[in-house]
Amino acid sequence: MPDIITVEGLSVVYPDGTKAVSDISFGVKEGEFFGFLGPNGAGKSTTIKALTTLLRKTAGKVSVAGYDLDRSPREIRRSIGVLSQETSLDVDLTGRENLRLQGRLQQLHGKILEERIEELLKLVQLEDVGNKPAGRYSGGMRKRLDLASALIHEPKLLFLDEPTTGLDTQSRVAIWEYLEGLNKKQGITIFLTTQYLEEADRLCRQLSVIDHGQLVANGTPSELKAALGGDAITLTIEDSGLRSRAKEILKTIQGLTNISDSEGGIVAYAKNAGEIIADIVTALQASGIRPSFLSISSPTLDDVFLRQTGRRIRSDELSRRETEPFLV
Amino acid sequence: MAFLYDTQSLFQRYLIKLFRNPTLLGTNLFTPLLFLLLFSQLLQKFSLFLPGVSGGYLAYLTPGVVVLNAMISAPLGGVSIANDLNSGFLSKMLLTQVVRPAILLGRLFTDMLVVVMQSIISLALAIALGVKISSGIPGVLLILLTVAFFELALSGIFLAIGLKTRKTETISAISGVIFFPIIFVSSSMFPVSFFPAWAQTISNYNPVSYAANVTRELVIGGLSASTVFYAYVLIGIIAIASFAATLYQFRKVIS
Ligand SMILES: Nc1ncnc2c1ncn2[C@@H]1O[C@H](COP(=O)(O)OP(=O)(O)OP(=O)(O)O)[C@@H](O)[C@H]1O
Ligand SMILES: [Mg+2]
């Protein structure tokens, strides 16, 4: 499959001097479900705006849907659908009217347009409220209507900027299912940004991790996880003075890799985590260090992120995850 | 072809939005009618000083009130574009295949239609109160054309401000501050001969006076080609200047 997006050395500097994206390069294959993962302010929206012709890039060579970004912005706009981070609907217009306006601006006419509107309302399950002003929709309904309007002209490439941020679990899962369907059944290439690891993990087959405007990792979710070297072992050590000593001790243990600080403790990776854990406890106790908490888990994208950036992604979300999954 | 289609699509959008906000439309319509009723009653005695005017002060006031409609509607487009800029809806439109000037043009047509409808209502009230339009139906059409053209020229100023500042508050503040002085220090509401000399001078250069004078000659009679000519030249100059500014700001926003 050829690349539907190629980005070489893209940089975006805002007029106020903010370097939002610095010299990033990547490619997206046709039919791919591509994820762009990064925390707040990483440069995800900036990248999407540059690729979709909304924002002028400072440097780099970009081609989207077979067209050069500098030379053929109109052709690019014809080929892509965009769901921006801020839901943008006309709140005075009904759901149907919003779709009709969007369809007309995409140069659709008459019966074809009306049929497409009904088809999309059905897809996003809004056919019952299609005649209600969008201003009276819930957040999830608005997102779904916005998604439908991005699809009205049957684009072969869809850009989605944090499509599920701020939505409840139900709406989120619904959007995931539409997106999987669009990608699998209709072969639409999807470029999705997210700060949710579980979202990237579930949906994306190819991932780039972005932080501070730079790409820090590329690969499939499983490749990225495999590169960590096995399961994640997390130790909580309350006394921060003991932590660096504990790290030194861990470094002497065979088979333990990627030892690094994590909030309130240490994280390390090992293929045979179950066996090695006894060695860890023995070695630490010999030095009088007792971890207050110890866990083994298969690595998540959060571990990838921690490994690449030294920080957890949105720790507030993670700490809440135990009790209220996904709720923001 | 796409340009016409897009202009029509956006014209419909803005029209629907206006009619879904009846309070705004209502106050915009109500203000000129209130002026007409209030001033024609309170200042009835002005008629004594207008011996040459058949229909008295009410007939004198009517053209001013019609022109008032243009001034009240002129900021609508600027407010709307600032809202679309802030809500991200403009970006959404820019991501489609829309022919971009249609975004502005659709709005201008909507506002001109609104002004024409409001002016018809104002004229209807005046006629109901006893004013005779001396120039008949063709005169009414020319009045509506003049008011629509005046509104168009003024709306360019507010579009440029809206695009530049992206703040609806700025537009309301500016229109609020300049509104009363330029309305009252003109020939639109009160006979200029009552004014002190300095105010007469200002009034003589005030574009509102020009638009009101054309309309007044069409209502009261005595239309002269030069009044029409100078009014259209002046409004034309305002239109060219304000739309040069608007297009300049629009290009900055869309690139
Ligand atoms: N219009 C702007 N002018 C100046 N700086 C900006 C502008 N928009 C964004 N930035 C800055 O650029 C950086 C990247 O922002 P961007 O919106 O691309 O991040 P993001 O990854 O989308 O974050 P989020 O997850 O919060 O949406 C941030 O530091 C941000 O403050
Ligand atoms: Mg963003």
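The basis for the numbers below is simple: all heavy atoms, side chains too, and nothing from hydrogens, waters or symmetry mates.
The pair A:R104-B:D6 does not meet the salt-bridge criterion, since no charged nitrogen lies less than 4.0 angstrom from a carboxylate oxygen. Taking 4.0 Å as the cut-off between side-chain N and carboxylate O, A:D146 and B:K92 count as a salt-bridged pair.
Formation of a donor-acceptor pair under 3.5 Å by the B:Y5 side chain with backbone atoms of A:L108 is found in this model.
Neither the backbone nor the side chain of A:I76 comes within less than 4.5 Å of any heavy atom in chain B. At a 4.5 Å heavy-atom cutoff, the contact between A:L93 and chain B is made by backbone and side-chain atoms alike. For a residue to count as touching a neighbouring chain, one of its non-hydrogen atoms must lie under 4.5 Å from one of that chain's; by this rule B:S87 touches chain A with the backbone only. For B:I16, the part lying near chain A is the side chain, with the backbone staying farther off; criterion is any non-hydrogen pair under 4.5 Å. Looking at B:D84, there are no atoms closer than 4.5 Å to chain A (heavy atoms on both sides), in backbone or side chain.
No side-chain donor-acceptor contact under 3.5 Å links B:Q97 and A:Q107. No side-chain donor-acceptor contact under 3.5 Å links B:S91 and A:K49.
In terms of heavy-atom pairs under 4.5 angstrom with chain B, the leader among A:R74, A:H109, A:E86, A:R100 is A:H109.
A side chain to side chain contact (heavy atoms under 4.5 Å, CB included) with A:L105 is found for exactly one of B:I103, B:V99, B:V98, namely B:V98.
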Go through the steps to decide whether B:R20 and A:E97 satisfy the test salt bridge (charged side-chain N to carboxylate O under 4.0 Å, His left out), and finish with yes or no.
CA-CA 13 Å; B:R20 298 248 163 98; A:E97 286 165 346; 2.9 Å; yes
